[in-house]
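Worth knowing before you read on, the calculation uses all heavy atoms, side chains too, and leaves out hydrogens, waters and symmetry mates. Nothing fancy with the numbering, it's 1 onward along the sequence.
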Amino acid sequence: MNKFARLSLFAAAAIALTACGNKEEKPAGEASAAAAEAGGETVVKIGQVSPLTGPIAHLGKDNELGAKLAIEDLNAEGVEIGGKKIKFELVSEDDQADPKIGTQVAQRLVDAGVVGVVGHLNSGTTIPASKIYSDAGLPQISPSATNPDYTKQGYKTTFRVIANDVQQGKALGEFAVDGLKAKKVAIIDDRTAYGQGLADEFEKAIKAKGGAIVKREFTTNTATDFNAILTSIKGSAPDVIFYGGMDAQAGPLAKQMQRLGIKAKLMGGDGWQTPEFIKLAGEASEGQYSSSCGMPRDKMPGFAAFNDKFKAKFNTEVQIYAPYEYDAVRVLVEAMKRAGSTDPKTYLAEVGKTNYTGVTGPIAFDEKGDIKDGAVTVYQVKGGKWEVVSTVGGPASAAPAASAAQ
């Protein structure tokens, strides 16, 4: 290469660098969308986080499938925002139900240029990740995290489409005393933000109703042997044993209670009100009680149509949160439509103004980001299936669902 050619290359490189330096920066959401614009469509990325591996992967995949179905429906509808035709893309991450990994994948989603996040599944991962989304100005809607601390932090970016554990723990505690006439109660929790938090609220409710806590034990969210704990509890002859945790532990726990001849009823929250609990516990599941933070499925205005579409598409049963995940994605997009923008800085304010009827029912948020009029439903296993016992709270009436799942 001669001297003049080398000078020409250096000059061209200098001009290119100058041009790059003078380029006007776009807001994060707009920049990522504009960069992906092709074929007359603007690609907009929405993040989803849940445990896709590990003991509760079946729940995490349930969430992910709910989000996938929402994205497919939105793309089929041909959504336009701000005069642009939008193609939505789901960016899904596996947090393994681990708080440390949860923050790592949260930062990964921020770096990937998502404009909003649906997740995480567990309170223990949702809470630490929420600071990262808040710092980035990204709206975050959890379909399943019930620990009250999630929305008590004061972040303007945090929302949930499900009742919290103050409501759930109170409903379960009152049902144990009033419905089951329990006088003596033992409590076990898995020491996660969810399990321990729900157990704490349940204990408060039991004491408020005049019940006695005869034992308070704890385990981990990976344990499978509960014989030592149950042997300790058996001597106290409780009427009810409450387990704060997920179905992967509640199933073996029920079996081991039966093996030890413990006659107490087992109770818990939404973490094990699943088909998987019945599968894991087998005949020991019969007669046990658990709750779900929402209306019964036959009272959800859009569940029947959603369920048909979900089973036809994925050839599997809904576990718990897929309908809430579906609604959470659509709430984000409805906020974008009202704002006329996919930029989080522009549409975030609209999320808090949500007044939307989805698959699960009416969705509106209070000043903290909690769903208004959150319902809690208590179930019992009868004949190998969960059956509704009672519902506390929820909207007085549910209008027909507005979602495309119908």
Side-chain angles (χ1 to χ4, degrees), residues 54-56 59 97 122-124 146-148 165-166 168-177 179-180 182-209 211-274 276-282 284-293 320 376 378-381:
I56 58 169
L59 300 181
N122 307 80
S123 295
T146 52
N147 189 299
D165 285 335
V166 172
Q168 184 173 208
K170 185 172 185 287
L172 283 166
E174 291 180 352
F175 178 79
V177 176
L180 300 182
K183 291 182 171 59
K184 297 192 294 181
V185 177
I187 297 174
I188 309 168
D189 72 74
D190 67 359
R191 276 308 187 253
T192 64
Y194 164 69
Q196 185 176 355
L198 179 57
D200 289 345
E201 295 299 331
F202 176 79
E203 181 174 351
K204 289 178 192 174
I206 291 291
K207 289 178 176 177
K209 296 293 289 184
I213 306 299
V214 294
K215 281 280 185 178
R216 179 78 192 250
E217 301 282 355
F218 65 90
T219 181
T220 71
N221 62 346
T222 57
T224 55
D225 183 353
F226 307 101
N227 282 290
I229 290 173
L230 290 173
T231 299
S232 171
I233 287 173
K234 186 178 180 180
S236 304
D239 304 306
V240 165
I241 296 176
F242 178 88
Y243 177 63
M246 308 301 284
D247 56 13
Q249 283 70 49
L253 179 65
K255 272 190 168 181
Q256 289 163 39
M257 281 175 59
Q258 185 184 59
R259 197 177 301 131
L260 289 169
I262 296 174
K263 302 300 183 184
K265 289 296 183 185
L266 181 63
M267 288 188 73
D270 56 308
W272 54 271
Q273 197 274 306
T274 66
E276 187 72 8
F277 166 74
I278 297 173
K279 177 182 171 184
L280 291 172
S285 67
E286 195 68 18
Q288 312 300 9
Y289 293 88
S290 192
S291 63
S292 182
C293 291
I320 322 178
V376 177
V378 178
Y379 296 81
Q380 184 182 26
V381 179

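Applying the salt bridge (Lys or Arg N to Asp or Glu O under 4.0 Å) test to every pair with at least one member in residues 223-240, sequence neighbours left out, gives no pairs at all.
Judged by distance alone, with hydrogens and angles left aside, the side-chain atoms of N147 form a donor-acceptor pair with the main-chain N or O of A193 at under 3.5 Å. Here the side chain of S290 pairs a donor or acceptor atom with the backbone of G269 at under 3.5 angstrom. A donor-acceptor pair under 3.5 Å is formed between the side chain of K184 and the backbone N or O of S236.
With sequence neighbours left out, K209 forms a side-chain contact (heavy atoms from CB on, under 4.5 Å) with E174, V177, D178. Applying the side-chain contact (heavy atoms from CB on, under 4.5 Å) criterion to A199, with sequence neighbours excluded, gives I187, D189, R216, F242.
K279 places a side-chain heavy atom less than 4.5 Å from the side chain of E276. S232 has its side chain within reach of K215: a pair of non-hydrogen atoms, C-beta onward, lies under 4.5 Å apart. The shortest side-chain heavy-atom distance between T146 and L198 does not fall under the 4.5 Å cut-off. A heavy-atom distance below 4.5 Å is not found between the side chains of N221 and M246.
Residues A284 and A254 come closest through the heavy atom pair CB-O, 3.5 Å. Nearest heavy atoms, P238 versus A186: CB-N, 3.9 Å. The heavy-atom pair separating L266 from Q288 by the smallest distance is N-OE1, 2.9 Å. When all heavy atoms of Q256 and N227 are compared, the pair lying nearest together is OE1-N, 3.5 Å. Minimum interatomic distance between P252 and A248 (heavy atoms only, all atoms of both residues): CD-O, 3.2 Å. Of all non-hydrogen atoms in S291 and L172, the two that sit nearest each other are OG-CD1, 3.3 Å.
Side chains of Q273 and D270: a donor-acceptor N/O pair is absent below 3.5 angstrom, by distance only.
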Pair T274-D247, side-chain hydrogen bond (donor to acceptor under 3.5 Å, both in side chains): steps then yes or no: CA-CA 7 Å; T274 66; D247 56 13; 2.8 Å; yes
Check against side chain to side chain contact (heavy atoms under 4.5 Å, CB included), T192 and N122: CA-CA 9 Å; T192 64; N122 307 80; over 6 Å; no
Stepwise side chain to side chain contact (heavy atoms under 4.5 Å, CB included) test for I188 and L230: CA-CA 9 Å; I188 309 168; L230 290 173; 4.3 Å; yes
Side chain to side chain contact (heavy atoms under 4.5 Å, CB included) assessment of E217 paired with F226: CA-CA 10 Å; E217 301 282 355; F226 307 101; over 6 Å; no
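Residue K183 qualifies as open at atom NZ: its count of foreign heavy atoms under 6.0 Å is 12 or below.
Note that OG1 of T219 and CD1 of I229 are 4.5 Å apart. Values are rounded to the nearest 0.5 Å. Here CD1 of I241 is found 12.0 Å from NZ of K265. Values are rounded to the nearest 0.5 Å.
The ring-ring contact (aromatic ring centres under 6.0 Å, His included) test with F277 singles out one residue from W272, Y289, Y243, and that residue is W272.
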